[in-house]
Each structure stands twice: as C-alpha cells, then as structure tokens.
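In what follows, a single structure is set out as structure tokens and then discussed.
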Amino acid sequence: QVQLVESGGGLVQAGGSLRLSCAASGRTFSNYDMGWFRQPLGKEREFVAAIDRTGSPTYYADSVKGRFTISRDSAKNTVYLQMNGLKPEDTALYYCAARTAYGGYKFESTYNYWGQGTQVTVSS
C-alpha cells in the first residue's frame, strides 16, 4: 500500500551535484526504513544508501561515503539523496525503496516497495 515516486535526476558534469527526491504515499511514512539503490547500464543493481525509520542511523556504500547524504522529511513523506562531487561511474538509474522488515540495510530482498527510478548521467 506504499507508492514511491523518484524525481530530480538529470545530466550533470563531473564534480557537480544533484538532489534526488522520493515521495511516498499510502501507509505511514515513519513505519519504513528507506533506501536508495542504483543500476548502471549493463550492470547489476547495487546498494547506495539507507536511513532508519527513526531517521538514524544512516548507511552508505563505500563508493559514495563523503559525497552522498541521505535524509528524510516526515512532514513531506519524502526521502532525499544529496549527491555531491559526482563522478562518471555514478551514472545509473536510481531507485528508491521502502521496507518494514529487519536485516541488513543493503540487501534488496528486505525491501517491500520500489519506485520506477530516475536517471542520473554524469559526463566526463
């Protein structure tokens, strides 16, 4: 009963920034851990970041630590991914996901709901 809609993707030069948004509707937003995953063209989907249903702690893939920040706004039922210092290898389709289950934050199988994705392309 949760619908997720991503937005904010686009084309940016290396070193630039983008802010992705994921708007949630349906069940109470605060009941869900939220995660971001990405899938580069021709490659497998991979974990990017996650945030606990309470707002902390947060988790990041090693490849994005120090550059990306995940946050959530309960009043707007929205989770964000602020991406700074973008690199060409960040180019991918980015997905928002939600879960009520417990377990490792980076595992796709623990997430109940998924958005349709938003494309991020970083040029050299």
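Below, all heavy atoms of this structure are taken into account, side chains as well, without hydrogens, waters or symmetry copies. Quick caveat: nothing in here was measured; it's all calculated off a predicted structure.
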Check your understanding: Do L4 and Y32 share a hydrophobic cluster, counting only Ile, Leu, Val, Met, Phe, Trp and Tyr and linking them when any side-chain heavy atoms are less than 4.5 Å apart?
Key -> yes
Check your understanding: Under 4.5 Å between side-chain heavy atoms, hopping through other hydrophobics if needed: is there a path connecting L20 to Y113?
Key -> yes
Check: [Y] and [X] side chains under 4.5 Å, non-hydrogen atoms:
X: V79; Y: I70; answer: yes
X: N112; Y: V2; answer: no
X: L18; Y: L86; answer: yes

**Study point:** Partners meeting side-chain contact (heavy atoms from CB on, under 4.5 Å) with A14 (sequence neighbours left out)
**Key:**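 Counting only residues at least two positions away or on another chain, A14 forms a side-chain contact (heavy atoms from CB on, under 4.5 Å) with P88, V122.
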Can you tell me how far the [atom1] atom of [X] sits from the [atom2] atom of [Y], to the nearest 0.5 Å?
X: S30; Y: R72; atom1: OG; atom2: CZ; answer: 7.5 Å
X: W114; Y: E6; atom1: CH2; atom2: CD; answer: 9.5 Å
X: R19; Y: T69; atom1: CZ; atom2: OG1; answer: 11.0 Å
X: S124; Y: Q13; atom1: OG; atom2: CD; answer: 10.0 Å
X: T91; Y: Q39; atom1: OG1; atom2: CD; answer: 13.5 Å
X: S71; Y: L81; atom1: OG; atom2: CG; answer: 8.5 Å

Point to revise | Residues Q3 and S25: side-chain donor-acceptor under 3.5 angstrom | key: yes
Review point. What ring-ring contact (aromatic ring centres under 6.0 Å, His included) pairs are there with at least one residue in residues 45-76, not counting sequence neighbours?
Key: F37-F47, Y59-Y105
Check your understanding: Does the ring of Y95 carry R38 above it, NZ/CZ under 6.0 angstrom from centre and within 45° of its axis?
Key -> no
Exercise for review: Find out whether the Lys NZ or Arg CZ of R99 is both under 6.0 angstrom from the six-membered ring centre of Y111 and within 45° of the ring's axis.
Suggested key: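 Ring-cation test returns yes.
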Look only at the side chain of [X] and the backbone of [Y], and say whether a donor-acceptor pair between them is shorter than 3.5 Å.
X: S109; Y: F107; answer: no
X: D33; Y: A98; answer: no
X: T118; Y: G9; answer: yes

Check your understanding: S17 and side-chain contact (heavy atoms from CB on, under 4.5 Å): which partner among M83, Q82, R67?
Key -> Q82
Study note, to complete from the structure: Hits for side-chain hydrogen bond (donor to acceptor under 3.5 Å, both in side chains) against N77, two or more places apart or cross-chain, chain-then-number order -> none
Point to revise | Counterpart residues, salt bridge (charged side-chain N to carboxylate O under 4.0 Å, His left out), relative to K65 (two or more places apart) | key: D62
Practice item. Could I get the full list of salt bridge (charged side-chain N to carboxylate O under 4.0 Å, His left out) partners for R45, not counting sequence neighbours? Key: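 Partners of R45 under the salt bridge (charged side-chain N to carboxylate O under 4.0 Å, His left out) test: E108.
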Check your understanding: Got a sec, which pairs hit disulfide bond (SG atoms under 2.5 Å apart) with one end in residues 19-124, sequence neighbours left out?
Key -> C22-C96
**Study point:** E89, CD atom: more than 12 neighbouring heavy atoms under 6.0 Å
**Key:** yes
